[in-house]
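Structure, as structure tokens:
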Amino acid sequence: MAGDINQRRFFVAVMFLLFLFSASVVRAGSLDLFTGEKGDIKISGGTAHIPVMKDAARQIMNVNQDIRISIAGGGSGVGIKQVGEGLVDIGNSGRKPTDDEIQKYGLKLFQWATDGVGVVVNPQNQVKALSKSQLLEIFAGKIVNWKVLGGSDKSINVYTRDNSSGTREVFWEKALDKGEITDKANVVVSNGAMKTAVANDPYGIGYVSVGHMDNSTAPVIIDGVVPSIDNVKNGSYKIARGLFSNTKGEPKGLVKKFIDFLFSPEGQKIAAENGFIPIK
Amino acid sequence: MNKTTFAETGFLGAALLSASLTALILIFMLLFSFPLFRGGSFFTLLRTPWNPDHGLFGIYPMLAGTLSIVFLSLCLAFPLSLGTSVLISVIAPPGLAKFCKKTVQMLTGIPTVIYGFVGVFLLVPFIRETFETGSGMSILSASLMLSIVISPTMILFFTDTFESIPASYSAAADAMGASSVQKFIYVILPYSRHGIFAGLTLSAGRAMGDTLLALMLAGNAVAVPGSIFDSARTLTAHIALVIAADFDSIEFKTIFAAGLVLYAFTTALILLVRIIGGAGMKNR
């Protein structure tokens, strides 16, 4: 009998703690939006957005189990097309949708963060600054040895991303002025893989989202400007892009609340924690 | 319905389902690549380079990449596998042979991504530092790792073949005082040549179908490789890289050509195994 009572006490204590816990989570400001809501949100598109989408979805689904949020990648082009055809509720893109796309699908754009794309080399590399024309020639495969640039007498290994990458698109447009990328360049599939490749290759050069930069790779100064969050913020570093979440027409109901959450203090904090520049 | 008919219907259903799936996949790919055939561009794709920025969507570099990686990995894996299977089924004492065989069986279960990981962090830097050409992400790196992945299959296939030799042949060789090596060279090897060839062909199919290792280790460059130290892209890696593109794009349509070529290659390899297998049976 005594054991039985103890068990019951334990059960009551656990329930009490759970109650306290759920109450404390619900108190977290902007998440109040979602109380009493129910339904699905389908998201796809830009891969740079995924960490932020995942964190936001986790917080929302923690306070309300009746909401299901599914997140898929596919790249900016896929996100825009799928939201336009009504396959998903939110289509993310790491570039601004073109006027054509906006008109064709009746898209509404929501830019909730800014991101930069910076050139990186291995930390062992002595070459830490390049001029824009040198950068163009390296990626075009015209400068092929680090020696010419003041480094060691080793051939340059160029790393790039696949064509569906938004990071590649922005880099190609704004850093390379749509110039040639050598067909000898190694192709990696994500910002993470790019970091690993350049971190492991003393003679490698590549480009990653500024938000993804850390000690494993060294940022390269282009024409005197360091690719950093601060320089993207003050506009001196030009290879920057918005991170967009797009909807077909004005967002309604749950989808509108999700977008509102991205712009709330909590949502903006998630963006900042993932290395992006919040819009607010 | 009694148990037997129930089981029979079940098995028949399963067989029909898997057979029709294979056929459906072929039909699906033919359907999607039909516009390419109609435009007459299918065969052009097979011999032109890939450069979407300039309107070129050929898969020739990937074809070359696939064939060189498959060929090199077979060249590396074959001697290794033949040696190991001879050790297991002919030379080694029973205890050691059993141990080796168990180890090989265990190797077949290691997920490919583990090999890819080891390759990225150990093999690629090693190749780069040793040969001092390129980034280390190369045909050689991918082939080396791939040869380790396909070896267990090849070894098990070979040992099965070697061990299927009729006891009377083996006894006859022993009775004439043949050493184990002589027995292998004069009795087992000639008897097993079809099995060896079939094992090789199956491994070639396995190597051709692998996506992850090439994607992680070969570098995926779209230039036609000029040496084994060059970065290259396989057909499978190409499909994986392009599939995320916009469904309306020409890029997306041309990967069905890549898929169809892969399908044709694997079918040809399997047919080859059947033919060899059939010939082998007649000889016995």
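Order of the sequence lines sets the chain letters (A, B, ...), proteins ahead of strands, with each chain counted from 1.
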Query raised in the report: For the residue pair A/S155 and B/G134, what are the closest heavy atoms and their distance?
Result: OG-N, 4.2 Å
Query raised in the report: How many angstroms lie between atom OG1 of A/T160 and atom CG of B/N220, to the nearest 0.5 angstrom?
Result: 11.0 Å
Report task. Just give me the residue among B/A237, B/S231, B/P225, B/P49 that pairs up with chain A most often, heavy atom to heavy atom, under 4.5 Å. Result -> B/S231
Query raised in the report: Which heavy atom of B/N51 sits nearest a heavy atom of A/E180, and at what distance?
Result: ND2-OE2, 3.7 Å
Query - Distance, nearest 0.5 Å, that separates CG of A/N186 from CG of B/L217 - result: 11.0 Å
**Report entry** Reported OH-to-CE distance for the pair A/Y159 and B/M137, which is rounded to 0.5 angstrom
**Finding:** 5.0 Å
Requested in this report: Take A/T196 and B/F121 through the test side chain to side chain contact (heavy atoms under 4.5 Å, CB included) and record every step on the way to the result.
Outcome: CA-CA 9 Å; A/T196 312; B/F121 288 103; 3.6 Å; yes
Report task. Tell me, for A/K178 versus chain B, whether the close heavy atoms (under 4.5 Å) come from the side chain, the backbone, both or neither. Result -> neither
Query raised in the report: Could you walk me through whether A/V189 and B/L241 pass the side chain to side chain contact (heavy atoms under 4.5 Å, CB included) check?
Result: CA-CA 7 Å; A/V189 290; B/L241 284 167; 3.2 Å; yes
**Report entry** Considering all heavy atoms, the nearest A/D201-B/S135 contact
**Finding:** OD2-CB, 3.4 Å
**Report entry** Interatomic spacing from CD in B/E251 to CG in A/D162 - rounded to 0.5 Å
**Finding:** 11.0 Å
**Report entry** Least distance between heavy atoms, A/P202 atom then B/E129 atom
**Finding:** CG-OE2, 4.2 Å
